[in-house]
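Below: one structure, written as structure tokens.
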Number of protein chains: 2
Amino acid sequence: MDSQVQPKSSTLADSVFEQIRTAIIRGELPPGSKINEPQLSKQYGISRGPLREAIRRLEGCKLVEVKPNAGAKVVSLNSEQALEIYAIRESLEGLACRLAASQVTAADCARLRALLVNHEQQIQSEHGRMYYQKEGDLDFHYLIVQLSGNTHLFNLLCDELYHLLRLYRVQTSRQPSRPRQAFKEHHQIVDALESADGELAELLMKRHISSARESLINKFNQ
Amino acid sequence: MDSQVQPKSSTLADSVFEQIRTAIIRGELPPGSKINEPQLSKQYGISRGPLREAIRRLEGCKLVEVKPNAGAKVVSLNSEQALEIYAIRESLEGLACRLAASQVTAADCARLRALLVNHEQQIQSEHGRMYYQKEGDLDFHYLIVQLSGNTHLFNLLCDELYHLLRLYRVQTSRQPSRPRQAFKEHHQIVDALESADGELAELLMKRHISSARESLINKFNQ
DNA sequence: TATCAATATATTGTTGACATTTTAGCGTAT
DNA sequence: ATACGCTAAAATGTCAACAATATATTGATA
């Protein structure tokens, strides 16, 4: 009902695309829910034209599914699909680590360490519990993918897969588990990057994500 | 100028999306060329509304780039970007092989062999030269990805990356090189799949694609 | 009461028109 | 001849209205 303030984005379709994507990731548009064009166009204060363009872009990002004459639904991931994406992520982030290892600078590694320290402090101050930033470790993964220097890899992971996984986490309101273990693994990865050991960095990252996947499996096996 | 016959797809946006995508992949809309909305809407006999939706979907597939108030251009890949995609492909198809190895049936392997035999015959009959089907080996890769059982992996490779690579091949009018060597490698991969050796299958596939990438590097280094 | 058909409502698909911005063409001045 | 600014044309962004389809509601019947 309330019309949100649109950013300075030049076209309405682009602006609304990002707004809806944010709404989906935040869970304001729950997985499986129908996308009502008249309602949303009223809500964002635009006509259905640009709105439909935005929906089509979301379809391209796999965040919504469009059926002819039935409209669009926010995609809903089951556990199997989440595991599928984890497998892809494991492969691609391993690749990112291997690539990054061959070109990271000392400054890059320092930034990575800073991220980890910062993240750790936030957790310490909360006595091991997560405080507000449920996805702190994503910064770390983002940066590594960026340091790989592979633009397409970056877009693929950060513009598509991560969003899908966040969607799943919202869906299951899942908290990140085993934070202390994750830190150790993160630091080991930076160690490998610092010594320019691509193979090791790849192995450690794949193992790291594989652990997360295992813990996910355990979660819904009980 | 000539209006094409639209398939039985129910919405114009979906139909035109596929038509334009095909046109791009065939090179009828060359990389870097501008997408003129009035012209295309006339050509396909539709109004600009559904056409723009189709363009937005193409944007999601990374096949076109849209700039505000300047329209859409067919994406143009330089050699670096093609290599980036090859690196991703290497990683993901390796994964596909590992996954496939754990669940392929004898019948699946027979289908793979049949594909290879068929492909080889076509080449034999042309005395080692390619005849019409420049992408015969893609069938093989398609099938393996399908046998991996990972739906998201299939969509990612077959609905996005392969299209992008085809676009690059059209751009450079590149013929597949070293066909005989490729066959040998393909058969070795099926061997590994038959013995359910996931690790080996992954290794062989990654090496196979890496070879293709190397030959690509050599091509534009001279 | 439950089921089915017919109607009514709402939503999606599509179009053409209008506003804004960019691009192309033209003439003038240096 | 080149560069600059102005005008005209074209293309993009947006909207509101119409058509087609699906959904919800009502009423009748078993």
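Order of the sequence lines fixes the chain letters, A, B, ..., with proteins taken first and strands second; residue numbering starts at 1 for each chain. Excluded from the calculations below are hydrogen atoms, water molecules and symmetry mates; all remaining heavy atoms, backbone and side chain alike, are included.
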Original post:
Which residue pairs pass the salt bridge (Lys or Arg N to Asp or Glu O under 4.0 Å) test when at least one of the two sits in residues 29-38 of chain A, sequence neighbours left out?
Top reply: A:Glu37-A:Arg48, A:Glu37-A:Arg52
Original post:
What pairs meet the salt bridge (Lys or Arg N to Asp or Glu O under 4.0 Å) rule with one or both residues in residues 72-87 of chain B, with sequence neighbours excluded?
Top reply: none
Every protein N/O within reach of nucleotides 11-13 of chain C N/O, cut-off under 3.5 Å:
| from | atom 1 | to | atom 2 | distance (Å) |
| --- | --- | --- | --- | --- |
| C:dT11 | OP1 | A:Asn36 | ND2 | 3.1 |
| C:dT12 | OP1 | A:Lys34 | NZ | 2.6 |
| C:dT12 | OP1 | A:Ile35 | O | 3.1 |
| C:dT12 | OP2 | A:Glu37 | N | 3.2 |
| C:dG13 | OP1 | A:Asn69 | N | 2.9 |
| C:dG13 | OP2 | A:Arg52 | NH1 | 2.8 |
| C:dG13 | OP2 | A:Arg52 | NH2 | 3.0 |
| C:dG13 | N7 | A:Arg48 | NH2 | 2.8 |
| C:dG13 | O6 | A:Arg48 | NH1 | 3.0 |

In a table with atom names and distances, give each donor-acceptor pair under 3.5 Å that connects a side chain of residues 57-67 of chain A to protein atoms at least two apart or in another chain.
| from | atom 1 | to | atom 2 | distance (Å) |
| --- | --- | --- | --- | --- |
| A:Arg57 | NE | B:Glu59 | OE1 | 3.4 |
| A:Arg57 | NH1 | A:Asp14 | OD1 | 2.8 |
| A:Glu59 | OE1 | A:Arg56 | NE | 3.0 |
| A:Glu59 | OE1 | B:Arg57 | NE | 3.4 |

Subject >> Donor-acceptor pair between A:Ser215 and A:Asn218 side chains, under 3.5 angstrom >> reply: no
Subject >> Results of salt bridge (Lys or Arg N to Asp or Glu O under 4.0 Å) for B:Arg113 - residues two or more places apart only >> reply: B:Asp191, B:Glu194
Original post:
Can you name the residues that form a salt bridge (Lys or Arg N to Asp or Glu O under 4.0 Å) with A:Arg21, not counting sequence neighbours?
Top reply: none
**OP:** Would you mind classifying the nucleic acid contact of B:Pro50 as base, sugar-phosphate or nothing, using non-hydrogen atoms under 4.0 angstrom?
**Re:** base
Original post:
Checking all strands, does B:Gly49 fall into the base, sugar-phosphate, or nothing category for heavy-atom contacts under 4.0 angstrom?
Top reply: base
Original post:
Of all residues at least two apart in sequence or in a different chain, which pass the side chain to side chain contact (heavy atoms under 4.5 Å, CB included) check with A:Ser102?
Top reply: none
**OP:** Apply ring pair (Phe, Tyr, Trp, His ring centres under 6.0 Å) to A:His141 and list each qualifying residue two or more places apart in sequence or on a separate chain.
**Re:** A:His186, A:His208
Subject >> Any pair counted as side chain to side chain donor-acceptor pair (under 3.5 Å), so long as it reaches residues 155-165 of chain B, sequence neighbours left out >> reply: B:Glu93-B:Tyr162
**OP:** Nearest whole angstrom, please: distance from the P of C:dG16 to the CG of B:Leu51.
**Re:** 13 Å
Subject >> Inter-end axis angle, the helix from C:dT1-D:dA30 to C:dT30-D:dA1, with every axis fitted to five base pairs (rounded, 10 degrees) >> reply: 20°
Subject >> 5' to 3' contact window, DNA chain D with chain A (heavy-atom distance under 4.0 Å) >> reply: D:dT14 to D:dA22
Original post:
Residues two or more places apart in sequence or in another chain: which of them pass side chain to side chain donor-acceptor pair (under 3.5 Å) with B:Ser148?
Top reply: none
